[in-house]
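Working notes, structure below.
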Number of protein chains: 2
Amino acid sequence: MTTDHPSAPRDAPETAVGTSVNVLPTPCLVVDEDRMRANMDRAQAYADAQEVRLRPHAKTHKSPALAREQVARGAVGICVAKLGEAEVMADGGVHDVVMAHTPYGPDNARRAARLARRIAFVVGVDHRRQVEDLSAAAEAEGATVAVRVEVDTGAGRGGLAPADVPGFLSWARERPGLHLQGLYTYEGYTYDAPDTKALFERHREAQHRMVELAGRTTGAFTQPPVVSMGSTPSQTAGVPLLDGITEIRPGTSIFHDAAQAWLAGGLDRCAAFVVATVVSRTGDRAILDAGSKSLTTDARPAGVCATRGYGRIAGTDVVLTRLSEEHGVVEGPDAEALAVGDRVAIVPNHICPVVNLFDHLTLARNGRVTRVLPVASRGRTA
Amino acid sequence: MTTDHPSAPRDAPETAVGTSVNVLPTPCLVVDEDRMRANMDRAQAYADAQEVRLRPHAKTHKSPALAREQVARGAVGICVAKLGEAEVMADGGVHDVVMAHTPYGPDNARRAARLARRIAFVVGVDHRRQVEDLSAAAEAEGATVAVRVEVDTGAGRGGLAPADVPGFLSWARERPGLHLQGLYTYEGYTYDAPDTKALFERHREAQHRMVELAGRTTGAFTQPPVVSMGSTPSQTAGVPLLDGITEIRPGTSIFHDAAQAWLAGGLDRCAAFVVATVVSRTGDRAILDAGSKSLTTDARPAGVCATRGYGRIAGTDVVLTRLSEEHGVVEGPDAEALAVGDRVAIVPNHICPVVNLFDHLTLARNGRVTRVLPVASRGRTA
């Protein structure tokens, strides 16, 4: 038989519950169930203590099953980056989804309006064209589309400058078919803070801007506005939240990674690993079967979340110093301790795009597989 | 209905032939059929002129359909990096596959031996443990497994030092169930050559080492050995090949990318594009809906293949200066020419891991879809 399809369906995991993780073909993505649950609990406990709603970003795990578990533990719903992700989450039984990205165009606006008829769905906006499209689609579909306005508090990515927000809100509130729900920001620049003190200061400054802006624009909203902060480091570091912040959207903290975990004092919270095998030893090098197609080339050379290399072998200070697409290299004295056939668990620098490279998350407890979850919204970038 | 599966099967493309690429949801991966075919023809013409066999590396496209087209145009077979890729290619009607990577362990050796009973399959080796496993598996499965020995000509990745090869061959030839087919190297260090002259010199040096080594070890082989060189730049730059080199394994040249195309004098050969939409304009920035989950963070800051930024907008000198997972940013004066709603074709820095992020390759001619191919071995890293 000749077929262009893979020999087994992508979403039909063949790994039986109870299988030892030591016999899984490598590279594979293994999640420690207990650490993951503890991470979920920590995020919820932080949100509860700070009296804000938790809306985890599902870009990290891309699994409706894990999103449902986050909601079951107290999260108000989840956050996604793309319409395709939102659709997969809705199909997977997640009924409250915020898209912290700004879709453009009539076709995407129609998809958003249709989704808004199925679930509680909120879309980010930061430009009049997006709002006009969503308004027209809402009217055409007989839907009300809830929107949040993105505010640039310093990341220099999406979002309106704070000074432009009041005028934008006054204009947007007159568009039919829409419900203005609040304001959100992505304070990702905190990652680059030189130390924890600077991280706290930067985050506090971002919060101040958001609270001040929400106070000035309350009249634009029919209900008290959502005021939402993103990014994991503030949660991990335990930054206190000001009165007036109503929601947080950490993503990475469900798994953590080499960059984020240092804020918690070490790698003990890291729950997701790329398990790889030492396939060769040549010269002073150990060659692993995981490269950039398993680990990405994401690096974080500076700041409070700085990491070395391209992934760290769990339980050691050893990092992969070079990656090709399917080769990882450990060099010099670090390679001495690695023998051909050794299996190692690698903590990635940045777990979110790593999950996106795999078809499945293999969850395990005490070295035995507990369940295998499809990375259901993998590749749903559109 | 609640399901963890995506709402549509991954391998059931919904895009009709004839659809304008201007209406495809973005980001998407679009391949110019005519440029791709011209690139295939150039690779074959170079191999023919140099009197070597062409064995394209399928890691770039991960599509059995395109592999079959490469074979139909004269390629001797294809090359892959992983057993999972080899299996998908075999399922897809490709009957001559070399794995230019060294699998470890009894389970993988058994997979290799089974594949060797179905198709002409050759495995890379550079360590005795690999050879012992393959020999045992070949005997157990009643197969003969062909192997090639990897030689490190300077890449410092896998491969034996040339001085160690003769002894290794003498030992390996006595293992039952195996057929020693030849030698191969990966001369990826040519990418970092400071200029084209240095690229030529480095490549010629690598060829000399391989030819010399093959001449010294002919006695280990029952037939004239395959002597195989990898990497695209030498093909693109047209490096002359020495007598004694019998095969080349370029991968990227089917599509090219921002790094490789400069060796051909410009981006005119680039056949694969990430099509993205300008979803917002804020401050002096244009925000695109393609980030590192569509483009990767692969960069090439130095050498003859150097690129700036994280992808170049086709037909311009504009590059994306920053990426988040789902955002791409163009900053400063370059953003002036970009309006919300504009669709742009981005030439990635490194096309191979980009293809690996998408479920489908959408092929087009004159702006109309000609066919949609699954990226069938995407995620088959194990």
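Lettering of chains follows the sequences in order, A, B, ..., and the numbering in each one begins at 1.
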Quiz item: Looking only at heavy atoms, what is the nearest atom pair of A382(B) and P27(A), with distance?
Solution: CB-O, 3.9 Å
Self-check item: Contacting moiety of D152(B), where chain A heavy atoms sit under 4.5 Å
Solution: side chain
Self-check item: Rounded distance (nearest 0.5 Å) linking atom NZ of K293(A) with atom OG1 of T381(B)
Solution: 10.0 Å
Quiz item: Residues in ring pair (Phe, Tyr, Trp, His ring centres under 6.0 Å) with H101(B), at least two apart?
Solution: H327(A)
Quiz item: Got Y104(A) and V340(B) here, is their nearest side-chain heavy-atom distance under 4.5 Å?
Solution: yes
Practice problem: Quick one: which of G159(B), A299(B), S292(B), S294(B) has the most heavy-atom pairs under 4.5 Å with chain A, could you say? | Solution: G159(B)
Exercise. Would you mind checking which part of V94(B) comes under 4.5 Å of any heavy atom in chain A, side chain (CB onward), backbone (N, CA, C, O), both or neither?
Key: neither
Quiz item: Checking heavy atoms, do the side chain of C352(A), its backbone, both or neither come under 4.5 Å from chain B?
Solution: both
Quiz prompt | Top contributor to chain A contacts, counting heavy-atom pairs under 4.5 Å, from V329(B), T277(B), D298(B) | solution = D298(B)
Practice problem: Nearest 0.5 Å please: distance from the OG1 atom of T26(A) over to the NZ atom of K82(B). | Solution: 7.0 Å
Quiz prompt | Contact check, side chains of D359(B) and R378(A), non-hydrogen atoms, under 4.5 Å | solution = yes
Quiz item: For H57(A), what residues pass the ring pair (Phe, Tyr, Trp, His ring centres under 6.0 Å) criterion, not counting sequence neighbours?
Solution: none
Quiz prompt | Minimum heavy-atom distance between V23(A) and D107(B), given as atom pair plus value | solution = O-OD2, 4.4 Å
Practice problem: Tell me the residues of residues 281-290 of chain B whose non-hydrogen atoms fall below 4.5 Å from those of chain A, in number order. | Solution: R281(B), T282(B), R285(B), I287(B), D289(B)
Quiz item: Under a 4.5 Å heavy-atom cutoff, which of Q130(A), R322(A), E331(A) has the most pairs with chain B?
Solution: R322(A)
Quiz prompt | Salt bridge present between E326(B) and K59(A) (N-O < 4.0 angstrom) | solution = no
Practice problem: Go through the structure and list residues passing salt bridge (charged side-chain N to carboxylate O under 4.0 Å, His left out) with E85(B), not counting sequence neighbours. | Solution: K62(B)
Quiz prompt | Contact leader toward chain A among S324(B), P353(B), P103(B), where contacts are heavy-atom pairs under 4.5 Å | solution = S324(B)
Exercise. For the residue pair T102(A) and S280(B), confirm or rule out a side-chain donor-acceptor distance under 3.5 Å.
Key: no
Self-check item: Interchain contact, A276(A) with chain B, by part (heavy-atom threshold 4.5 Å)
Solution: neither
Exercise. Flag the one option from R111(A), R157(A), E150(A), H127(A) with the top tally of heavy-atom pairs under 4.5 Å to chain B.
Key: R157(A)
